[in-house]
Amino acid sequence: MSEQKTVLSAIQPTGTIHLGNYFGAVQNWVSLQEQFKCYYGVVDYHAMTMPYNVKKLRENTWELILNLVSVGVKPKNLFIQSLIPEHTELCWIFNNFCSIGRLTNMTQYKDKSEKSSSESKDDFISAGLLDYPVLQTADILIYKADYVPVGKDQDQHLELSRSIAKRFNNQVGKEYFVMPEGLHTETPKIASTADPLRKMSKSAGEKHWISCFADEARLRKQIKSAVTDTGDTPAGEMSPGIANLFLMMKAAGAIEQHDQIMDTYKDGKLKYSELKEATADALVAMTSTFKERKAELSINKRALKDEIKTSSAEIRKKAQETLREVKDLVGLVNVKF
Ligand code: TRP
């Protein structure tokens, strides 16, 4: 068992999850659980780095936990970041192994700080936003994760994590931290059904995302009204809207149906209504399992909260062990109270 590699990933508490989140990341989290020691965090401290709503933050954190467990993430692998204060303590130590220049250079920081100064009147950019990748580094290294399943947009943050780990190892004269690697599994990138040229996202508005827990009528309606012709597809190529429907059908597990309908498409005989109906059927079958689990779990939300508190406490032990060793290595006083 000591050979088993460790996986860590994390997600900000946005409450609901849509099919884009599920197929693009969470479905992969679920399957990695079979093979690796997995730690999955709901990172509420990260969510405070941009303007946010105090009451919503806590609600969204628990709602996301409920949703993640409903789609198959095991509660024992889940933790809430703020329940494990060692993350922020390690972040402080790591701040001294990271230059300000590296942080101001991060693409995500530049994008978000530009966005926030153009959108709000007081152009407030928090120090937390700048420091965000150092906290992310602490999330990863505190569990000595080998693999970090994330999208390519996080590569720069991972590069920074490795550079912090190297500087730390140099300073203490020991190969203490392993270098974490991104795990870029091919995951389906789902587009908005209302505008297949943009990715599925909540920020674009109601019609641009489909919840993993949508009621059947709404889901069918959204698929039925999916845009199939974006007007600018070169002859002989599949339009993005059609490709998106095929992608979802396959990702939802309806492989045979998918292949059969794909053959019809290749023969030039496909009716879009047939494709839409089959896609909706596949998604309804998948989401009804999610909804059943969610309904069961919702009967006793208290029990789920308790379970997550217990798993966080259990996971915290690993974080405490790392932090104890780190404090020793960097020359801090290490007293057990
Ligand atoms: N920055 C990540 C995102 O925006 C979220 C995150 C925080 C994360 N800590 C992490 C991802 C640790 C992987 C590992 O998606």
Side-chain angles (χ1 to χ4, degrees), residues 5-18 20-29 32-33 36-50 52 57 60-61 64-65 68 73 77-91 94-95 98 102-103 105-113 115-116 126 128-165 177-185 187 189 199-203 312 315 318-319 322:
K5 299 276 189 190
T6 298
V7 160
L8 176 128
S9 200
I11 185 170
Q12 287 200 33
T14 48
T16 48
I17 43 179
H18 56 62
N21 305 132
Y22 178 71
F23 292 133
V26 182
Q27 192 180 35
N28 189 35
W29 284 19
L32 289 168
Q33 295 179 125
F36 299 106
K37 170 81 194 128
C38 294
Y39 296 98
Y40 295 131
V42 173
V43 287
D44 47 357
Y45 276 136
H46 278 98
M48 296 171 71
T49 58
M50 294 285 278
Y52 75 100
L57 176 58
N60 285 346
T61 300
L64 182 59
I65 291 277
L68 289 172
V73 177
N77 296 336
L78 269 177
F79 67 87
I80 295 174
Q81 187 185 34
S82 64
L83 291 180
I84 308 186
E86 286 73 17
H87 285 237
T88 41
E89 205 175 339
L90 185 59
C91 173
F94 282 164
N95 278 333
C98 179
R102 274 304 279 273
L103 295 177
N105 243 330
M106 292 285 130
T107 312
Q108 204 174 68
Y109 171 73
K110 286 197 247 176
D111 288 352
K112 286 194 181 175
S113 55
K115 196 161 168 256
S116 110
S126 73
L129 185 65
L130 180 66
D131 207 32
Y132 179 111
V134 182
L135 181 57
Q136 180 166 353
T137 300
D139 297 338
I140 298 167
L141 297 187
I142 206 157
Y143 303 109
K144 308 199 177 135
D146 300 288
Y147 302 122
V148 186
V150 278
K152 291 241 188 301
D153 64 317
Q154 293 297 316
D155 277 355
Q156 205 187 15
H157 286 167
L158 271 175
E159 193 55 52
L160 181 82
S161 297
R162 285 190 288 270
S163 128
I164 292 176
F177 283 117
V178 291
M179 298 299 140
E181 276 174 48
L183 194 64
H184 298 313
T185 315
T187 53
K189 304 282 174 283
K199 72 174 197 182
M200 185 175 283
S201 107
K202 272 178 77 184
S203 53
S312 298
I315 291 171
K318 174 73 192 164
T322 303

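Side chains are part of it too, since the values below use all heavy atoms of this structure and drop only hydrogens, waters and symmetry mates. Order of listing sets the numbers, starting from 1, for every ligand and every atom in it. This is a predicted model, so every value here is computed, not measured.
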**Prompt:** Any side-chain donor-acceptor pair under 3.5 Å between Asn28 and Thr187?
**Reply:**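 No, no side-chain donor-acceptor contact under 3.5 Å.
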
**Prompt:** So, Tyr109 and His157: side-chain donor and acceptor under 3.5 Å apart, yes or no?
**Reply:**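 No, His157 and Tyr109 have no side-chain donor paired with an acceptor closer than 3.5 Å.
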
**Request:** Could you pull out every protein residue that has a heavy atom closer than 4.0 Å to ligand 1, ordered by chain and then number?
**Result:**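 Lining ligand 1 at under 4.0 Å, by heavy atoms, one finds Leu8, Ala10, Val43, His46, Tyr132, Gln136, Asp139, Ile140, Val148, Val150, Gln154.
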
**Message:** With rounding to the nearest 0.5 angstrom, report the NZ to NZ distance, Lys144 to Lys37.
**Reply:**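 Rounded to the nearest 0.5 Å, the NZ-NZ separation comes to 14.5 Å.
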
**Asked** Roughly how far, to the nearest 0.5 Å, is CG of Leu64 from CD1 of Ile80?
**Response**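 Taking CD1 in Ile80 and CG in Leu64, the distance rounds to 9.0 Å.
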
**Request:** Look only at the side chain of Gln81 and the backbone of Tyr45, and say whether a donor-acceptor pair between them is shorter than 3.5 Å.
**Result:**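 Yes, the answer is positive, given that a donor and an acceptor are paired below the 3.5 Å cut-off.
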
**Item:** Backbone of Thr49 reached by a side-chain donor or acceptor of Ser126 within 3.5 Å
**Value:**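 Yes, Ser126 side chain to Thr49 backbone: donor-acceptor pair under 3.5 Å.
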
